[in-house]
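One is the number of the first residue; the rest follow in order along the sequence. The structure displayed is predicted, hence computed values, not measured ones.
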Amino acid sequence: MPLSATADTSKTVKLERYNSYLRKIHSTKVLNASSKVLFRATLLVALVLVLLFAINYPPLSDSRAAAAHHLHRRSFLSTGIFSSSSSLGEGAAWEKRVRQSSTAKRPHGLSVLVTGAAGFVGSHASLALRKRGDGVLGFDNFNDYYDPSLKRARQDLLEKQQVFIVEGDLNDGPLLRKLFDVVPFTHILHLAAQAGVRYAMKNPQSYVSSNIAGFVNLLEVAKAANPQPAIVWASSSSVYGLNTENPFSEEHRTDQPASLYAATKKAGEEIAHTYNHIYGLSLTGLRFFTVYGPWGRPDMAYFFFTKDILHGKSIDIYRTADNKEVARDFTYIDDIVKGCVGALDTAEKSTGSGGKKRGPAQLRVYNLGNTSPVPVGRLVSILEGLLGTKARKHLIKMPRNGDVPYTHANVSLAYKDFGYKPTTDLAAGLRKFVKWYVSYYGVQPRVKKETSHAEESA
């Protein structure tokens with residue numbers, strides 16, 4: 001065989017082997033790439049299935065957790081995060097309602113996010129702001145600390161005045177950020193909180209979650225907003241704790257809380273100082289003193305005293321360790337609302353931008369009370385007269401449950417800075433409360449029955 005033919009055959013064999021080698025490498029690469037794509041697709045499908053399962057089938061062992069999960073699901077859907085056409089439609093409608101509710105109806109009106117808007121003070125404050133033409137968007141989680149139907153009834157009142165309440169939790173950061181993406185709020189009136197002194201002994205975590213973690217989450221969102229809103233928020237007279245100086249002044253010590261509720265509110269004041277100092281947020285804390293009135297909270301003494309007196313049940317009236325009467329600086333809701341609005345109107349702008357402080361910002365704390373402490377026994381006597389029924393009183397020593405024996409507000413600072421001046425005494429305020437109570441719950445106090453009977457006899 002010629003030498004040239006042998007060389008050609010050798011080259012052909014080598015070329016075929018090389019091509020075969022290239023085909024094997026290519027096949028391996030394709031297989032590896034296909035495996036990676038398949039793995040990622042499988043992982044994505046698994047995650048989607050887990051997410052859908054979690055959304056549609058919350059745990060059944062804890063009814064509260066299930067309710068909270070359902071609530072989060074509603075919030076999640078309402079923001080339009082799901083990409084389906086129906087969800088996007090809901091998101092657009094939701095955003096329209098948020099904008100409409102937040103838009104002021106008067107020149108230079110405020111745009112206020114009111115947290116706890118379905119609550120006692122929150123609903124009254126929202127109505128007052130809306131009535132004067134401010135934009136108001138409510139935010140509430142409608143929890144079951146007390147009868148949620150009362151909160152829903154307040155929501156109905158707000159809806160009639162075109163105030164929309166977004167249902168969500170303060171710890172839902174994405175939902176809060178969504179609200180600030182949609183609306184450039186000028187102010188926040190932060191009234192959402194876990195209320196009640198005694199309940200802290202049963203469910204302490206709820207106070208930490210709402211009054212501390214929830215507040216911090218709200219401040220985190222507010223600090224990053226552009227523009228940053230000015231914030232007015234509800235502290236409490238409970239921060240004075242075991243203070244014995246009277247009347248309570250903003251200059252008095254507040255480092256001896258008598259309850260976990262008080263401790264969380266005091267923590268809130270310190271947290272407010274921190275965010276003001278670092279991020280330039282304008283913050284005003286309001287220390288409310290025993291607020292009462294129509295649409296009030298069923299866990300408050302004046303409220304459940306009224307219920308128990310009408311039902312013939314005995315009521316516990318506390319006495320101090322040295323056998324003195326417990327007294328409270330009862331403050332009518334309309335006076336508290338005037339204080340909230342005054343604080344909003346005098347709140348200076350925050351000075352931060354993009355989460356960075358640009359200059360000193362306003363930081364304030366005020367007492368909002370009635371300045372006239374009334375013994376609880378006197379409260380009961382007024383209710384007896386309004387209801388036409390004698391109360392079955394049970395006098396007992398005050399237990400160690402976080403309550404304090406006496407509160408008395410000095411409001412001179414609030415008067416000086418925004419003209420706060422309470423005008424409703426306890427008798428007048430309770431008369432308005434009882435009128436609302438018997439109408440809302442459909443009961444008839446005996447004094448009215450006796451009056452009607454006398455008129456018929458005549």
Side-chain angles (χ1 to χ4, degrees), residues 51 55 68-69 71-105 108-118 122 126 129-130 134-142 155 158-159 162-192 210 213-233 275-276 278-283 344 347 349-358 361:
L51 178 61
I55 289 172
H69 193 90
L71 177 62
H72 179 72
R73 183 185 176 213
R74 286 186 59 182
S75 301
F76 190 66
L77 287 170
S78 67
T79 60
I81 293 176
F82 280 176
S83 59
S84 68
S85 58
S86 61
S87 295
L88 286 174
E90 291 173 5
W94 179 85
E95 287 189 15
K96 183 178 179 181
R97 293 194 70 187
V98 167
R99 288 194 180 95
Q100 287 178 338
S101 187
S102 307
T103 301
K105 308 299 182 184
H108 310 295
L110 310 181
S111 179
V112 188
L113 174 64
V114 180
T115 69
S126 296
L129 291 168
R130 193 59 164 177
D134 292 317
V136 180
L137 180 69
F139 189 87
D140 206 292
N141 68 357
F142 293 90
Q155 181 185 28
L158 294 179
E159 288 281 1
Q162 290 78 51
V163 176
F164 176 46
I165 298 181
V166 174
E167 189 166 345
D169 193 272
L170 284 173
N171 290 294
D172 189 344
L175 178 57
L176 286 176
R177 285 191 289 273
K178 175 70 175 180
L179 293 179
F180 277 85
D181 286 342
V182 175
V183 179
F185 296 105
T186 61
H187 295 73
I188 297 174
L189 181 58
H190 175 47
L191 301 172
S210 179
F215 188 30
V216 169
N217 196 52
L218 180 66
L219 294 176
E220 280 291 306
V221 174
K223 84 175 188 189
N226 191 15
Q228 288 180 338
I231 301 171
V232 175
W233 70 284
Y275 276 78
N276 169 269
I278 298 176
Y279 303 110
L281 284 173
S282 170
L283 282 145
L344 286 168
K349 292 182 178 180
S350 294
T351 63
S353 178
K356 295 182 179 179
K357 184 177 181 178
R358 306 297 180 185

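- Within the 4.5 Å cutoff, side-chain heavy atoms of Leu219 are placed close to those of Ile231.
- Across every non-hydrogen atom of Ser350 and Pro229, the tightest pair is OG-O, 2.8 Å.
- Considering all non-hydrogen atoms of both residues, Ser126 and Leu158 come closest at CB-CD2, 3.8 Å.
- In this structure, CG on Leu137 lies 4.5 Å from CZ on Phe185, to the nearest 0.5 angstrom.
- With hydrogens and angles disregarded, a donor-acceptor distance shorter than 3.5 Å links the side chain of Thr115 to the backbone of Leu191.
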key: Pair Leu176-Leu218, side-chain contact (heavy atoms from CB on, under 4.5 Å): steps then yes or no   = CA-CA 7 Å; Leu176 286 176; Leu218 180 66; 4.3 Å; yes

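- How far CG of Leu344 is from NE2 of His187: 6.0 Å, rounded to the nearest 0.5 Å.
- Taking every heavy atom of both residues into account, Arg130 and Thr103 meet most closely at NH1-O, 3.5 Å.
- Between Lys357 and Ile278 there is no side-chain heavy-atom pair separated by less than 4.5 Å.
- Within a 6.0 Å radius of NZ in Lys96, other residues, nucleotides and ligands contribute 12 heavy atoms or fewer.
- When all heavy atoms are compared, the tightest approach of Glu167 to Leu175 is O-CD2, 4.2 Å.
- By the 4.5 Å heavy-atom criterion applied to side chains, Pro184 and Ser111 are not counted as neighbours.
- The minimum heavy-atom distance between Asp140 and Ala117, with the atom names listed, is OD2-N, 3.4 Å.
- Within the 4.5 Å cutoff, side-chain heavy atoms of Val98 are placed close to those of Phe164.
- Here the CG-CZ distance, from Asp169 to Phe142, works out to 12.5 Å after rounding to the nearest 0.5 Å.
- Nearest heavy-atom pair, Arg99 versus Val183, reported as atom, atom and distance to 0.1 Å: CA-CG2, 4.4 Å.
- A 4.5 Å side-chain heavy-atom check between Leu170 and Asn217 finds every atom pair outside the cut-off.
- Within the model, atoms CD of Gln162 and OG of Ser101 stand 9.0 Å from one another, a figure rounded to the nearest 0.5 Å.
- One finds the CG atom of Leu179 at 4.5 Å from the CH2 atom of Trp94 (value rounded to the nearest 0.5 Å).
- By the 4.5 Å heavy-atom criterion applied to side chains, Ile188 and Phe180 are counted as neighbours.
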